[in-house]
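Before any comments, here is the structure.
Just so we're clear, the structure is a prediction, and the values are computed from it rather than from any experiment. Atom set for the values below is all heavy atoms of this structure, side chains included, hydrogens, waters and symmetry mates excluded. Whatever order the structure lists them in is the order used to number ligands and atoms, beginning at 1.
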Amino acid sequence: MSTERVALPGLVDPHVHLREPGATQKEDFETGSMAAIAGGFTTVFDMPNNPEPTVSPDALKKKITLTENRIYCDIGFHFGATASGTEYFEKVKDQVFGLKVYMNHTTGTLLMEDSNELQSVFSNWPKEKPIIVHAEGQTLETAINLTRLSERRLHVAHLATGEDLEMVRRAKEEGQPVTCEVTPHHLFLTQVDVDELGPFGIMKPSLKTERDRLALWKGLDMGVIDMIATDHAPHTKEEKSTKKPPFGVPGLETSLPLMLTAVAEGKLTLDRLVELTSSNPRRIFYLSMESETYTEVDLKESYLISSSNLKTKCGWTPFDGRRVTGKVVKVVLRGETVFDGENIIGLPNGKVVYSAE
Ligand code: NCD
Ligand code: ZN
Ligand code: ZN
């Protein structure tokens, strides 16, 4: 079997749901950070839509405290927007990478729909830090208009359709400070896959058409898309098997191998992949580089993704059985090997990271 090992610099996943506190039957900081490391990521940014949402300095402090001596990768946080939370913005801004605004219905209770409240949230958030939106279609248009009015920075989470991509492309062309991310599931799956996956293929935004999927690849190629984000959103198999399955799929351990497969197939260059998973998220969210922190991958090694050997607590993946080319063989965090391609090694030496802005 041929091998070709290369080291990639400190990979970042800017959008994960590690579920602690409040939903640790799905995931917790230990298992979630192990999944990140096994997936090749040395830093992840955790989202605020917990059952007890991260919308106050106390809730944020609680999360930070819960990570102590328990995380295997570095973790940063995003703050959740609520109408009454604007008074906290100054206080928390140095502790988080961005403000998350939920403009469409999804997991959790953080939906914001009132336009006055949205305007107040946008105009109270500090200018230099991104406002991250869950916004699809019409609400994305609203978000871009709010960005224009408030002169804030916008980062569009999990962009999924050709139309939304076109909106972002136009905003960028206009000179608006807008950036965006796509998920591997929207790059590799379509609504056709839901037939087979059932509830395990249900997430927000939903899987789209083949045309949308191809548009996203074109967006990657043209440089409209700034980063890959897994939107790692684990739920238990039991929860997924109920009549009303919750939205979301895990992604930390499958993202890099899937993207490396695209590299092997000539769909994108390795340099572009590093831009999408390290340099761009670092630049856009002001995350500095740790010394001696890298992920070694074998570009030639081919294997089958399997639900049976994952570190994520939920223990399943919508990519079960898929052949990939490109494997994480070693992860080094601040000079220490923390993953050997199979096992997590050593103590949980991750730390909470803060934006350098
Ligand atoms: C996410 C979750 O479960 O927290 N679900 C999802 O389907 N993506 C929430 C979100 O990112 O919208
Ligand atoms: Zn979302
Ligand atoms: Zn999410």
Determine whether the side chain, the backbone, both or neither of His17 has a heavy atom under 4.0 Å from any heavy atom of ligand 1.
-> side chain
For Asn49, atoms of ligand 1 separated by under 4.0 Å from a heavy atom = 2 (C), 4 (O), 9 (C)
Charged N to carboxylate O below 4.0 Å: is that the case for Asp193 and Arg213?
-> no
Which atoms of ligand 1 sit under 4.0 Å from any heavy atom of Met203?
-> 7 (O)
Quick one: does Phe247 get an N or O within less than 3.5 Å of an N or O on ligand 1?
-> yes
Does ligand 1 have any atom that is closer than 4.0 Å to a heavy atom of Met47?
-> no
Please say whether the positively charged group of Lys129, taken as NZ for Lys or CZ for Arg, lies over the ring of Tyr286, i.e. under 6.0 angstrom from the six-membered ring centre and within 45 degrees of the axis.
-> no
Are Lys240 and Trp316 in a cation-pi setup, meaning NZ or CZ lies under 6.0 angstrom from the ring centre and within 45 degrees of the ring axis?
-> no
Verify salt bridge (Lys or Arg N to Asp or Glu O under 4.0 Å) between Glu174 and Arg148, making sure each step is shown before the conclusion.
-> CA-CA 10 Å; Glu174 216 185 277; Arg148 212 179 269 123; 2.8 Å; yes
Write the atom name of the N, O or S atom in His134 that is nearest the Zn ion (ligand 2).
-> ND1
So the atoms of ligand 1 within less than 4.0 Å of a heavy atom of Arg19 turn out to be 2 (C), 3 (O), 4 (O)
Just heavy atoms, cut-off under 4.0 Å: does His105 contact ligand 1 by side chain, backbone, both, or neither?
-> neither
Per-atom contacts, ligand 1 versus Gly248 - under 4.0 Å to a heavy atom = 5 (N), 6 (C), 7 (O)
CH2 on Trp217 to CD1 on Ile225, rounded to 0.5 Å | 9.5 Å
Could you tell me whether His235 approaches ligand 1 through its side chain, its backbone, both or neither, with non-hydrogen atoms closer than 4.0 Å?
-> side chain
For Ala233, counting its heavy atoms only, list the atoms of ligand 1 lying under 4.0 Å from any of them.
-> 1 (C), 2 (C), 3 (O), 5 (N)
Tell me which protein heavy atom sits closest to atom 7 (O) of ligand 1, plus the residue, atom name and distance to 0.1 Å.
-> Lys204 N, 2.8 Å
Below 2.8 Å, any N, O or S contact between His158 and the Zn ion (ligand 3)?
-> no
Any N/O/S of His15 under 2.8 Å from the Zn ion (ligand 3)?
-> yes
Quick one: angle His17 NE2 - the Zn ion (ligand 3) - Asp231 OD1, to the nearest 10°?
-> 100°
Do the side chains of Val249 and Leu197 get nearer than 4.5 Å, heavy atoms only?
-> no
Verify the neighbour count for atom CD of Glu342: are there more than 12 heavy atoms of other residues, nucleotides or ligands below 6.0 Å?
-> no
Are side-chain N/O atoms of His17 and His232 paired as donor and acceptor at under 3.5 Å?
-> no
Parallel, tilted or perpendicular, as decided by the 30° and 60° cut-offs, for the rings of Phe97 and His78 = perpendicular
Give the residue, atom name and distance (to 0.1 Å) of the protein heavy atom nearest atom 12 (O) of ligand 1.
-> Thr106 OG1, 2.7 Å
How are the rings of Phe79 and Trp125 set relative to one another: parallel (under 30°), tilted (30 to 60°) or perpendicular (over 60°)?
-> parallel
Which residue and non-hydrogen atom of the protein lie closest to atom 8 (N) of ligand 1, and at what distance in Å?
-> Asp231 OD2, 2.8 Å
Let me see the working for Glu4 and Lys300 under salt bridge (Lys or Arg N to Asp or Glu O under 4.0 Å), right down to the final yes or no.
-> CA-CA 6 Å; Glu4 187 184 349; Lys300 295 276 167 66; 3.2 Å; yes
Under 4.0 Å, heavy atoms only, figure out whether ligand 1 is touched by the backbone of His134, its side chain, both or neither.
-> side chain
